[in-house]
Amino acid sequence: MPPAQNWISSFRLAGIPGLVILFTCLAQATWHPDSAGTATHPSYYVEGKVAEPRIFAEGIISTTNDEAGGTFSPDGTEFYFTRLVPYTTLPRLGILCVSYYRDAQWSAPTALPFSGEYTDYPPRFSPNGKRMFFASSRPLPDGARGGLRIWEVERTSSGWGIPSPLPPPINVSGSFWNADPSVSNDGTLYFSSDRGGPGSLHIYRSRLLDGKYTEPEKLGPEVNSEFNDYQPYISSDGKILIFSSVGSEVPPFGHRPGELRTGGKPYPRGDLYISFYRNEKWTPAQHLGHGINTSAEEQFPVLTPDGKYLFFSSERSLFTVPTAHRLNHRELESQLHSIYNGHGNIFFISVEALGVR
């Protein structure tokens with residue numbers, strides 16, 4: 001996903017490669033049945049602490065194609081994410097996909113029945129798993145087009161229903177961007193929006209009272225900056241907020257402290273930050289370390305249902321300029337056809353490694 005100001009100005013989805021960090025790859029999550037044949041660990045369980053980011057389900061979910069975001073169903077047996085078509089005409093096609101964990105492995109992804117025509121961003125579940133929220137460029141029921149809006153779709157015994165847009169005050173006229181929904185156990189919706197002014201994204205929350213969303217409130221300066229802050233993930237208890245932030249792409253190229261960039265003219269890409277709700281207020285957002293952030297795009301953070309792993313997508317690759325060393329043609333071809341070719345992949349790391357309870 002590109003810097004927000006680019007999306008707003010040109011309705012585009014673009015990727016840029018960044019720094020390579022070669023991690024141990026995880027082809028399949030480990031499944032440990034007990035003597036009765038029932039699972040004692042979730043599908044994403046890994047023996048020991050994952051102290052540095054690892055690729056998730058390499059060759060199945062994370063591939064040489066362009067994957068973004070992702071979230072587990074509440075029972076951990078389904079993984080939902082977006083696969084983007086890597087062309088440069090606008091807008092790009094983004095399809096919501098799902099992979100099922102069966103017989104100790106992840107299945108080949110399939111497209112959700114209501115996705116495949118527009119730009120659909122990675123989804124989030126309601127606490128009970130019966131509703132899915134996602135952002136999409138699809139037209140409204142009255143045919144109105146333009147911008148991103150938040151949609152919801154209900155899951156029944158017969159499958160997924162027909163998506164419908166959230167009503168005001170979530171999706172509002174005059175706002176080009178309403179996206180990145182995430183819901184806590186009490187129904188409070190966190191999302192990003194440009195309603196504060198064109199060309200700038202910030203994080204809002206709206207409480208659910210008597211089945212209706214209240215007027216969204218913009219989070220304070222502990223979370224929102226003078227730049228673009230978006231893609232919030234709220235923990236189920238509402239105490240942990242992880243989000244992406246990107247600096248300015250125009251001189252003097254301002255950005256948050258800690259944001260990683262390559263040499264030459266800065267090309268701003270998202271980095272991930274974390275804040276905690278303590279004593280009735282959010283703590284100042286901190287830049288995530290432990291190899292999570294690179295000079296490439298890091299985006300769409302989410303915790304696993306048990307809160308033990310942080311998942312996110314990243315476009316990290318070998319192709320910084322200048323490169324770490326001169327590439328010959330064989331190396332170039334090898335990297336272009338590898339999983340580290342600059343397209344998005346899904347990574348994960350133990351929350352324990354972050355020092356977060």
Side-chain angles (χ1 to χ4, degrees), residues 23-34 36-47 50 53-86 93-126 128-134 136 153-163 299-306 308-315 337-341 343-349:
F23 301 118
T24 303
C25 295
L26 179 71
Q28 296 176 356
T30 305
W31 190 253
H32 296 271
D34 59 21
T38 58
T40 58
H41 292 296
S43 57
Y44 43 79
Y45 173 79
V46 176
E47 192 73 41
V50 182
R54 297 185 188 179
I55 275 192
F56 175 64
E58 182 177 359
I60 302 172
I61 294 172
S62 295
T63 69
T64 56
N65 297 318
D66 199 356
E67 293 87 29
T71 192
F72 289 92
S73 58
D75 66 2
T77 63
E78 301 166 355
F79 188 77
Y80 294 81
F81 63 100
T82 291
R83 180 157 286 165
L84 298 166
V85 178
L93 177 65
I95 300 177
L96 293 177
C97 300
V98 59
S99 175
Y100 301 97
Y101 195 75
R102 301 287 187 268
D103 300 323
Q105 63 182 353
W106 290 101
S107 67
T110 57
L112 295 186
F114 54 82
S115 184
E117 297 181 75
Y118 305 99
T119 304
D120 293 336
Y121 276 132
R124 296 285 185 264
F125 278 99
S126 63
N128 62 11
K130 294 182 179 180
R131 287 190 300 162
M132 177 186 288
F133 299 87
F134 65 99
S136 178
V153 58
E154 186 175 359
R155 188 175 198 174
T156 67
S157 58
S158 59
W160 292 106
I162 303 299
Q299 54 185 348
F300 295 110
V302 64
L303 296 180
T304 51
D306 60 7
K308 293 184 177 180
Y309 299 92
L310 169 66
F311 274 66
F312 63 99
S313 55
S314 175
E315 296 175 355
H337 294 89
S338 78
I339 201 167
Y340 290 98
N341 59 7
H343 291 162
N345 289 301
I346 313 301
F347 290 79
F348 72 104
I349 187 172

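We count residues from 1, following the sequence as given.
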**Study point:** Atom of Gly161, atom of Phe114 and distance for their closest heavy-atom approach
**Key:** O-CD2, 4.2 Å

Review point. Where do Asp306 and Tyr45 land on the side chain to side chain contact (heavy atoms under 4.5 Å, CB included) test, with the steps shown first?
Key: CA-CA 10 Å; Asp306 60 7; Tyr45 173 79; over 6 Å; no

Review point. Measuring from Lys308:NZ to Leu303:CG, what's the distance to the nearest 0.5 Å?
Key: 13.0 Å

Practice item. Determine yes or no for a side-chain-to-main-chain donor-acceptor pair under 3.5 angstrom, with Thr82 supplying the side chain and Ala68 the backbone. Key: no

Practice item. Given side chain to side chain contact (heavy atoms under 4.5 Å, CB included), test Tyr44 with Phe348 step by step and report yes or no. Key: CA-CA 9 Å; Tyr44 43 79; Phe348 72 104; over 6 Å; no

Study note, to complete from the structure: Residues passing the side-chain hydrogen bond (donor to acceptor under 3.5 Å, both in side chains) test with Ser136, sequence neighbours excluded, are Asp120, Arg138

Revision key, fill the gap. Closest non-hydrogen contact found for Gly70 with Pro122 is N-CB, 3.9 Å

Point to revise | Aromatic plane relationship, Phe347 with Tyr340 - under 30° parallel, 30 to 60° tilted, over 60° perpendicular | key: tilted

**Study point:** Any donor-acceptor pair under 3.5 Å from Ser43 side chain to Thr77 backbone
**Key:** no

Review point. If you measure from OH on Tyr118 to CG on Leu96, what distance do you get to the nearest 0.5 Å?
Key: 13.5 Å

Practice item. Would you please name every residue forming a side chain to side chain contact (heavy atoms under 4.5 Å, CB included) with Asp103, sequence neighbours left out? Key: none

Exercise for review: Using atom types as modelled and distance alone, determine if a side-chain donor or acceptor of Tyr309 lies under 3.5 Å from a backbone N or O of Val50.
Suggested key: no

Point to revise | side chain to side chain contact (heavy atoms under 4.5 Å, CB included) involving Thr71 - partner list, sequence neighbours excluded | key: Tyr80, Pro123, Arg124, Phe125, Val302

Point to revise | Aromatic ring pairing Phe79/Phe311, orientation class (parallel under 30°, perpendicular over 60°, tilted between) | key: tilted

Point to revise | Arg131: partners by salt bridge (Lys or Arg N to Asp or Glu O under 4.0 Å), with sequence neighbours left out | key: Glu152

**Study point:** Minimum-distance pair of heavy atoms, taken over all atoms of Gly129 and Pro74
**Key:** CA-CG, 3.6 Å

Point to revise | Derivation of the side chain to side chain contact (heavy atoms under 4.5 Å, CB included) call for Ile60 and Gln105 | key: CA-CA 10 Å; Ile60 302 172; Gln105 63 182 353; 5.6 Å; no

**Study point:** Phe81 vs Phe300, side chain to side chain contact (heavy atoms under 4.5 Å, CB included): CA-CA, chis, key distance, verdict
**Key:** CA-CA 10 Å; Phe81 63 100; Phe300 295 110; over 6 Å; no

Practice item. Drop me the distance from Glu47's CD to His41's NE2, to the nearest 0.5 angstrom. Key: 6.5 Å

Check your understanding: Nearest heavy-atom pair of Pro301 and Phe312: which atoms, and what distance?
Key -> CA-CB, 4.2 Å

Check your understanding: What pairs with Thr64 under side chain to side chain contact (heavy atoms under 4.5 Å, CB included), at least two apart in sequence or on another chain?
Key -> Asn341

Practice item. Decide yes or no for Phe134 and Ser115: does some side-chain heavy atom of the first lie under 4.5 Å from some side-chain heavy atom of the second? Key: no

Exercise for review: Can you sort out the partners of Thr63 under side chain to side chain contact (heavy atoms under 4.5 Å, CB included), two or more places apart, ordered by chain and number?
Suggested key: Asn65, Glu67, Arg83

Review point. Is there a donor-acceptor contact under 3.5 Å from the side chain of Ser99 to the main chain of Pro109?
Key: no

Review point. Could you give all pairs that pass the salt bridge (Lys or Arg N to Asp or Glu O under 4.0 Å) test and reach residues 69-80, with sequence neighbours left out?
Key: Glu78-Arg155

Check your understanding: Short question: side chain of Asn345, backbone of Ile55 - any donor-acceptor pair under 3.5 Å?
Key -> no

Review point. Between Ile346 and Ser313, which heavy-atom pair has the shortest distance, and what is it?
Key: CD1-CB, 4.0 Å

